[in-house]
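If you're wondering where the values come from, they're calculated on a predicted model, not measured in any experiment.
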Amino acid sequence: MSFLKPKTHIEQGDIVILYLSVNSMHAIEAVPTIVNKKGETIAHIFQTPYGSLKVQSIIGVEYGSRVELSKGWAYVLQPNPELWTQTLPHRTQIIYTPDISMILHQLEVRPGAVVVESGTGSGSLSHYFLRALKPTGHLHTFDFHEARADQARDEFKRHGLGDFVTVYHRDVCNLGFTSELDGVADAVFLDLPAPDLAVPHAFKALKLSGGRFCSFSPCIEQSQRCINGLIKLGFTEICSMEVLQQESVIKTRSLPVIDLEFLKMPKSSEANSIDDSKAKEPKELKKYLTSSCPQVLPGHTGFLTFATLPPNIPKA
């Protein structure tokens with residue numbers, strides 16, 4: 001139940017983030033025993049590069065505490081969508097925070113809203129949606145792969161989010177979002193190989209008072225076909241964008257400082273020329289705080305296509 005609300009102490013059954021370093025985090029379930037491949041019940045011991053952790057020892061510990069490993073130590077953190085995205089089991093390729101932040105902003109996701117999502121995949125974006133929708137909103141998420149839908153449904157329940165999400169196993173490109181969802185959504189999000197096939201179904205799902213639409217596509221051709229479908233149905237404010245994350249590298253550098261006072265003196269003789277050459281030599285080093293781009297930048301993830309459905313468009 002650790003995703004439902006802020007907590008102070010770890011309870012049995014919580015999902016806990018074991019933080020070793022910024023590039024080494026693990027999601028573990030706080031249970032004292034597990035069943036191994038032979039069907040035997042054994043003590044839950046989690047192995048890390050810094051030694052083992054007896055999971056029973058963290059139950060009752062305050063979140064944010066430092067815990068001892070057999071060869072080092074780690075921190076135990078309460079999970080949130082950002083940490084979960086970095087540690088979740090990948091069932092599909094996932095969307096990361098730079099794109100997710102733009103999706104949440106453009107779709108105007110807020111408490112009490114109703115969002116329709118397809119496909120669910122590994123549930124990375126779903127957890128962000130749910131945090132923004134709680135406690136009065138609802139997420140309807142679809143996946144055409146039955147096993148993935150079942151895994152996601154079970155995951156949401158274990159995280160304490162089952163009351164705020166309904167998971168469907170359904171091919172929305174051919175079958176739509178079910179008639180029960182016609183006219184109920186404030187926003188629709190698509191992550192599909194052929195989003196243009198689902199655009200008419202998204203049109204039906206959005207409220208008569210209008211709503212926002214987003215599609216994530218790795219190829220620009222997918223985005224172009226999606227835009228053509230949006231135009232035919234009367235969507236406005238259509239735009240496609242690519243979100244590229246760039247972090248500045250901040251360093252303190254020591255740079256030589258040249259005394260330029262010699263430029264104020266007139267050149268009169270060869271002796272002065274010799275003195276000038278000496279004056280041009282650096283006399284001291286000064287430290288400056290500098291900013292530069294990293295040598296390697298994150299590459300392309302996908303194109304985000306956004307659109308608005310104006311109010312009172314007939315839905316024949």
Side-chain angles (χ1 to χ4, degrees), residues 92-93 95 99-100 102-110 112-121 123 125-126 128-130 132-133 137-146 148-149 152-153 165-242 301-316:
T92 59
Q93 178 63 40
I95 301 176
D99 289 313
I100 290 174
M102 183 60 70
I103 292 168
L104 294 174
H105 170 66
Q106 290 286 344
L107 291 185
E108 301 174 3
V109 183
R110 60 198 181 279
V114 176
V115 175
V116 172
E117 174 194 25
S118 184
T120 310
L125 177 59
S126 304
Y128 284 85
F129 276 143
L130 288 167
L133 294 169
H138 201 85
L139 173 67
H140 298 272
T141 183
F142 293 76
D143 202 292
F144 78 96
H145 193 281
E146 186 173 9
R148 283 204 298 262
R153 188 181 296 108
V165 58
T166 304
V167 182
Y168 304 79
H169 164 230
R170 190 177 176 89
D171 181 359
V172 300
C173 290
N174 294 317
L175 302 175
F177 295 111
T178 76
S179 58
E180 290 81 6
L181 294 182
D182 287 353
V184 304
D186 295 287
V188 174
F189 173 79
L190 303 179
D191 182 4
L192 302 169
D196 52 301
L197 299 180
V199 166
H201 304 305
F203 175 78
K204 288 183 180 180
L206 288 168
K207 291 180 177 177
L208 188 61
S209 58
R212 291 286 286 167
F213 170 92
C214 176
S215 174
F216 177 89
S217 299
C219 301
I220 192 63
E221 292 82 6
Q222 295 167 308
S223 180
Q224 289 172 331
R225 290 192 293 269
C226 181
I227 289 172
N228 290 334
L230 293 168
I231 293 172
K232 291 177 183 178
L233 290 171
F235 282 82
T236 61
E237 300 177 334
I238 301 172
C239 71
S240 284
M241 64 180 70
E242 182 181 18
T301 57
F303 297 99
L304 294 171
T305 300
F306 296 101
T308 299
L309 181 66
N312 302 318
I313 290 187
K315 297 184 179 183

Could you tell me the separation between the [atom1] atom of [X] and the [atom2] atom of [Y], rounded to the nearest 0.5 Å?
X    : Y    : atom1 : atom2 : result
Q106 : F213 : CD    : CZ    : 13.0 Å
F303 : Q224 : CZ    : CD    : 9.0 Å
H140 : H138 : NE2   : NE2   : 4.5 Å
L139 : L130 : CG    : CG    : 5.0 Å
F189 : F142 : CZ    : CZ    : 14.5 Å
C214 : E117 : SG    : CD    : 10.5 Å

ask   = Looking only at atom types and distance, does a side-chain atom of Q222 sit under 3.5 Å from a main-chain N or O of P195, one as donor and one as acceptor?
value =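 Not a single qualifying donor-acceptor pair exists.
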message = Is it the case that the side chain of R170 and the backbone of L175 share a donor-acceptor pair, with hydrogens and angles ignored and the cut-off at 3.5 Å?
response =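 A pair under 3.5 Å: yes.
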task = State which residue, out of T120, L125, T166, fulfils the side chain to side chain contact (heavy atoms under 4.5 Å, CB included) condition with T141.
result =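 Testing each of T120, L125, T166 against T141, the sole residue satisfying side chain to side chain contact (heavy atoms under 4.5 Å, CB included) is T120.
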Looking at [X] and [Y], what are the two nearest heavy atoms and their distance?
X    : Y    : value
H201 : L197 : CD2-O, 3.6 Å
V199 : C226 : CG2-SG, 3.9 Å
A113 : L133 : O-CD2, 3.2 Å
G121 : T92  : CA-OG1, 3.4 Å
S118 : F177 : CB-CE2, 4.0 Å
I238 : A307 : CG1-CB, 3.8 Å

Within-4.5 Å side-chain heavy-atom neighbours: [X] and [Y]:
X    : Y    : value
S126 : V165 : no
F144 : C173 : no
D196 : N228 : no
F129 : L104 : yes
I313 : F203 : yes

inquiry  = Taking salt bridge (charged side-chain N to carboxylate O under 4.0 Å, His left out) as the definition, give me every residue that meets it alongside R148, ordered by chain and number, with sequence neighbours left out.
reply    =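 Listed in chain order: D143.
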Short N-O contact, D186 and R212, less than 4.0 angstrom =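 R212 and D186: not salt-bridged.
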key: side-chain hydrogen bond (donor to acceptor under 3.5 Å, both in side chains) between T305 and S223, worked out   = CA-CA 7 Å; T305 300; S223 180; 2.6 Å; yes
